[in-house]
Amino acid sequence: MKTHPRSRAVRTVRTPGGLSLRLEPRALIVVVLLLAAACAAGVALIGTGDAKIPAADVLRTLAGNGTAYQDFIVNELRLPRVLVGLLVGASLGLGGALFQSVSRNPLGSPDLLGLSQASTAGALVVIVLLSGSAAQVTLGALAGGLVTGFALYALAWKQGVHGYRLVLVGIGVNAVMTAVNGYLLTKADLVDATRAVVWMTGSLSGRDWEQVRPLLGLCAVLFPLVLANARGLRMMEMGDDVSNALGVRVQRVRLLLMACAVLLTAAATAAAGPVSFVALTAPQLARRLTRSPGPNLVPSLCMGATLLVAADWASQRAFGADQLPVGVVTGVLGGAYLLWLLVTERRAGRI
């Protein structure tokens, strides 16, 4: 019997506890290369700025062998920014992969479903109406994303949640949240409006350990939870009837993973503002690199982290003292990618 090439490429690993893992060599290589690229971009970003530090000195300082001056620049000023960038990018990449898999639509992204705008609305309420602190802005963004995420699920429910209905409801929610954000800005005074607009661009500037710790804790909980349900998510791509027949509790898994995706998106937005298009592009780019069916959760996570840190490094290197916020860079690149994706989908007859 002739074996399909893909079947020879897949390896199954069984742990002593009875857990089986499917490993695809190409996907594993992509993950390793993306992790290496993310680390290299992070080291380059740490060394970039008014006080330039060579990569060798950055690595030496991270290992605890730098001077007091280098230790302050690297560990206190720049390392938190890089860690926030990596965590935010990874969260957006994973959240985007979950939404695209659940909706079975490459346009099923938090950017287009209204969740990023909802988190922005929650932050604007705190900034404009309450003149809240940075910690309160973070809580407002989380609350806005969570409330809207559950509202989106409820509005899309009709004997279950289906992909196109979720996308259509999400587009409507996105339009409403955009209008709400515009209204809130018109009600703000000059100082609060300026503060709000700066936050809305999406930026990693000024990030410190106060943003790293809660985001790291949330990722440490949600990443393993999502990956533990990856098998059910992969089966759900064959259809609800087949998944139910194979023993997957479809609606329960879908609700759990959507809640995780909403939390990841809201937490990323709370930490860095609404960084656009990373959640849309990272899963698609990861899938094209791995050439593997399924949600590609780990490659999407690594791709998101690499994209965001690389975009932040490019914004500093390309524009010098007039560096752009990272949200502007990802918006320009992601917008171009979205146009290309729409053209490709139309030529393929899928839209």
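Predicted, not measured: the structure shown is a model, and the values here were computed from it.
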Minimal non-hydrogen separation, L215 against V84, with atom names: CD2-O, 4.3 Å

Distance-only donor-acceptor check, side chains S203 and T201, under 3.5 Å: no

Donor-acceptor contact present, side-chain Q117 to main-chain N181, <3.5 Å: no

N/O donor-acceptor pair under 3.5 Å between T330 side chain and G327 backbone: yes

From CA spacing to verdict: side-chain contact (heavy atoms from CB on, under 4.5 Å), F277, L333: CA-CA 8 Å; F277 287 110; L333 298 177; over 6 Å; no

L34 backbone acceptor or donor facing T306 side chain under 3.5 Å: yes

Donor-acceptor contact present, side-chain R207 to main-chain A271, <3.5 Å: yes

Single-linkage hydrophobic cluster L297~L255, side-chain heavy atoms < 4.5 angstrom: yes

Modelled atom types, side-chain donor and acceptor of T290 and N296, under 3.5 Å: yes

Hydrophobic cluster identity match, L146 and V226, side-chain contacts under 4.5 Å: yes

Electrostatic pair D208-R81, nearest N-O below 4.0 angstrom: no

CA sep, side-chain torsions, deciding dist, call: L94, S300, side-chain contact (heavy atoms from CB on, under 4.5 Å): CA-CA 6 Å; L94 183 57; S300 298; 5.9 Å; no

